[in-house]
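Working notes, structure below.
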Protein chains: 2
Amino acid sequence: MLSHTEENYLKAIFNLELSHSKNVSTTLIAKNLHTKASSVTDMIKKLAEKNLVNYQKYKGVTTTTEGKKRAIKVVRKHRLWEVFLVEKLNFNWDEVHEIAEQLEHIESDELIERLDTYLNYPTKDPHGDPIPDAKGKMRAEKAILLSNANKDILYKITCVKDNSSALLQFLDKHALNIDSELTVLDKFDFDNSITVELNNGNNLTLSHKICTNVFVTIK
Amino acid sequence: MLSHTEENYLKAIFNLELSHSKNVSTTLIAKNLHTKASSVTDMIKKLAEKNLVNYQKYKGVTTTTEGKKRAIKVVRKHRLWEVFLVEKLNFNWDEVHEIAEQLEHIESDELIERLDTYLNYPTKDPHGDPIPDAKGKMRAEKAILLSNANKDILYKITCVKDNSSALLQFLDKHALNIDSELTVLDKFDFDNSITVELNNGNNLTLSHKICTNVFVTIK
DNA sequence: ATTTATTTTTAGAGTAGTCTAAATTTATGA
DNA sequence: TCATAAATTTAGACTACTCTAAAAATAAAT
């Protein structure tokens with residue numbers, strides 16, 4: 001059985017491995033968990049001792065097969081609880097992250113499977129992130145960043161990168177949601193902003209920062 | 001903000017205060033939390049420092065007004081989650097205690113009020129225990145122990161004292177539930193067992209141990 | 001009332017996790 | 001390639017909580 005802290009480290013390492021690929025560095029983990037590099041080193045040693053990460057001094061870490069399994073389980077729990085909070089308790093999608101961060105550590109296999117059933121086996125959370133199934137399989141999304149989208153092609157939003165309230169509230173205010181459809185009309189070299197047309201006919205100019213935090217697929 | 005451990009101590013002290021009345025002893029708390037008396041002394045000092053309990057060396061503790069408020073909130077959360085687990089996720093009443101023991105520490109006022117709304121403001125948990133409302137008010141139940149019930153009077157079960165699976169499974173097997181109706185037919189001095197008649201006409205003889213763990217009120 | 005038993009507290013130490021500051025290793029760049 | 005910068009690890013200390021064993025206080029019993 002892992003402590004909440006161990007689970008948090010494992011989840012962070014796993015996520016960073018996916019987004020930054022291969023050997024995750026100590027400082028990157030520290031930044032992610034708002035802690036210090038020295039604390040990370042200590043914890044990494046502990047996780048390596050338990051065969052949950054591969055670790056060589058000064059070379060960063062990767063998760064082992066067992067480590068991945070544990071991390072995926074935490075991710076599954078986090079995302080299922082997010083669906084519960086939004087679908088059943090009517091929370092807004094920008095309010096659920098902190099609470100799910102706590103709920104993901106509740107220990108009970110039976111609970112999580114019953115929750116999954118109750119929610120009717122959802123495959124994505126309110127932010128569009130895929131929910132791993134009970135075996136740990138996760139839908140591989142061939143989504144691209146909105147910043148890399150081409151002009152005059154119809155896309156739909158599938159996922160947002162950042163779960164911060166600030167981003168989610170911005171999207172809400174501009175009627176942008178998971179499954180919203182849009183076409184890129186213009187790309188501006190000056191500040192890398194782009195103008196999109198929504199399927200209600202409205203035009204919207206989005207900053208580069210927004211575009212690098214929103215994933216889309218061709219509709 | 002209190003740690004899980006502090007909340008657990010506070011809840012235990014509060015419950016023992018209700019059941020054993022006045023100045024709860026160090027050993028009683030230790031037994032209740034499966035820890036050692038010396039650990040209890042340490043924690044009591046910490047809680048006294050925060051004005052959550054009144055403490056005089058060697059004289060036991062009582063909760064302060066603020067301490068009671070915090071304890072009641074934990075109890076409210078525990079019991080609401082138990083209702084959720086039974087009503088929505090179809091757990092049996094003997095399976096929910098351990099999980100609720102974890103869920104009761106999730107920190108979010110918004111969450112607990114939305115859960116309450118979602119469950120349609122229940123007033124008792126699956127074991128018949130009263131759920132405090134958002135202001136901390138709890139229904140005062142004038143229930144008596146089945147062991148103190150009189151002959152030939154129609155009672156109904158309102159609550160069970162012990163949340164252990166063993167007791168709950170015994171009751172399940174004998175079709176005894178919250179709101180089950182029964183009449184005491186006989187009381188045996190030899191072993192303090194009693195014979196009851198259920199409203200389906202069946203007779204049942206119950207041991208003293210069972211009778212001191214089941215609460216009833218006159219129907 | 002004084003011994004004995006029980007309860008409670010203190011003292012000292014251990015584990016999990018955190019930090020700062022210093023030392024070491026790796027990466028960078030003239 | 002050699003100096004310097006950046007990243008990483010170690011060392012030592014701190015908080016929260018736990019324990020055992022011994023000391024002190026209270027309760028019980030002759």
Side-chain angles (χ1 to χ4, degrees), chain A residues 1-13 16-17 19-63 67 70-71 74 101-102 104-107, chain B residues 1-13 16-17 19-63 67 70-71 74 101-102 104-107:
Chain A
M1 246 213 53
L2 299 179
S3 69
H4 291 196
T5 313
E6 288 171 320
E7 286 193 343
N8 284 336
Y9 270 91
L10 218 43
K11 191 180 67 159
I13 296 166
L16 291 169
E17 221 174 343
S19 57
H20 291 67
S21 77
K22 287 273 104 181
N23 293 55
V24 183
S25 77
T26 305
T27 27
L28 193 58
I29 299 167
K31 246 167 221 152
N32 212 259
L33 293 176
H34 304 103
T35 183
K36 296 294 142 83
S38 56
S39 307
V40 174
T41 304
D42 282 353
M43 181 54 84
I44 281 172
K45 285 182 187 166
K46 211 175 130 191
L47 293 175
E49 195 63 44
K50 296 186 176 185
N51 285 309
L52 297 169
V53 298
N54 306 113
Y55 172 55
Q56 281 189 91
K57 271 190 191 179
Y58 299 100
K59 305 289 182 191
V61 285
T62 57
T63 49
R70 306 289 196 107
V74 177
E101 207 71 11
Q102 298 178 61
E104 73 188 7
H105 300 296
I106 301 293
E107 166 89 13
Chain B
M1 247 213 54
L2 300 179
S3 69
H4 291 196
T5 314
E6 289 171 319
E7 286 193 343
N8 284 336
Y9 271 90
L10 218 44
K11 190 180 68 157
I13 295 166
L16 291 170
E17 222 175 341
S19 57
H20 291 67
S21 77
K22 288 273 105 182
N23 293 55
V24 183
S25 77
T26 305
T27 27
L28 193 57
I29 299 167
K31 246 167 220 151
N32 212 259
L33 294 175
H34 304 106
T35 182
K36 294 295 142 80
S38 56
S39 308
V40 174
T41 304
D42 281 355
M43 181 54 84
I44 280 171
K45 284 182 186 167
K46 213 175 129 191
L47 293 174
E49 195 64 44
K50 296 186 177 186
N51 283 310
L52 297 169
V53 298
N54 306 111
Y55 171 55
Q56 281 189 92
K57 270 191 190 176
Y58 298 101
K59 305 290 182 189
V61 285
T62 58
T63 49
R70 306 289 195 106
V74 177
E101 207 70 12
Q102 297 178 63
E104 72 187 8
H105 300 294
I106 301 295
E107 167 89 14

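Just so we're clear, the structure is a prediction, and the values are computed from it rather than from any experiment. First the proteins, then the strands, lettered A, B, ... as listed; each starts at 1.
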Between N or O atoms, less than 3.5 Å apart, protein on one side and nucleotides 24-29 of chain D on the other: list the pairs.
residue : atom : partner : partner atom : Å
D:dA25  : O4'  : B:Y58   : OH           : 3.4

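In this structure, A:N23 places its CG atom 14 Å from P of C:dT26, rounding to the nearest Å. Atoms CG (A:D42) and P (C:dT20) sit 13 Å apart, rounded to a whole Å. In this structure, B:I44 places its CD1 atom 14 Å from C1' of C:dT10, rounding to the nearest Å. Separating the CD atom of A:E6 from the P atom of C:dA16 is a distance of 9 Å, rounded to the nearest angstrom. In this entry the distance linking CD of A:Q56 with P of C:dT25 reads 15 Å, nearest Å. B:M1 places its CE atom 13 Å from the P atom of D:dA16, with the value rounded to the nearest Å. To the nearest angstrom, P of D:dC19 lies 11 Å from CE of B:M43. The CG-P distance, from B:L2 to D:dA16, rounds to 13 Å in whole Å.
Residues meeting the side chain to side chain contact (heavy atoms under 4.5 Å, CB included) test with A:E107, sequence neighbours left out: A:M1, B:Q102. Under the ring-ring contact (aromatic ring centres under 6.0 Å, His included) criterion, B:H20 pairs with no residue, sequence neighbours left out. With sequence neighbours left out, A:N32 forms a side chain to side chain donor-acceptor pair (under 3.5 Å) with no residue at all. Checked against salt bridge (charged side-chain N to carboxylate O under 4.0 Å, His left out), A:E17 has the following partners two or more places apart in sequence or in another chain: A:K68. For B:E7, there are no salt bridge (charged side-chain N to carboxylate O under 4.0 Å, His left out) partners, not counting sequence neighbours.
The aromatic rings of B:H4 and A:H4 sit perpendicular to each other, their planes meeting at more than 60°, with 30° as the lower class boundary.
Heavy-atom distances under 4.0 Å link DNA chain C to A:T35, A:K36, A:S38, A:S39 of residues 27-40 of chain A, given in residue order.
Within the structure, side-chain hydrogen bond (donor to acceptor under 3.5 Å, both in side chains) contacts touching residues 33-43 of chain A (residues at least two apart or in different chains) do not occur. Every pair passing side-chain hydrogen bond (donor to acceptor under 3.5 Å, both in side chains) that includes a residue from residues 47-56 of chain A is listed here, sequence neighbours excluded: A:E6-A:K50, A:N54-A:T62.
OP1 and OP2 of C:dT8 both lie 4.0 Å or more from every side-chain N or O belonging to B:Y55. Neither OP1 nor OP2 of D:dA16 sits under 4.0 Å from any side-chain N or O of B:Y9.
For B:T26, whose side chain is taken as the heavy atoms from C-beta onward, the closest listed nucleotide among D:dC19, D:dT9, C:dT9 is C:dT9. In this structure, the nucleotide among D:dT9, C:dT8, D:dT18 sitting nearest to the side chain of B:T41 is C:dT8.
Judged purely by atom type and a 3.5 angstrom limit, B:N23 has no side-chain atom pairing as donor or acceptor with the backbone of B:V61.
For the pair A:S3 and B:K45, both in contact range of DNA chain C, the more 5′-proximal nearest nucleotide belongs to B:K45.
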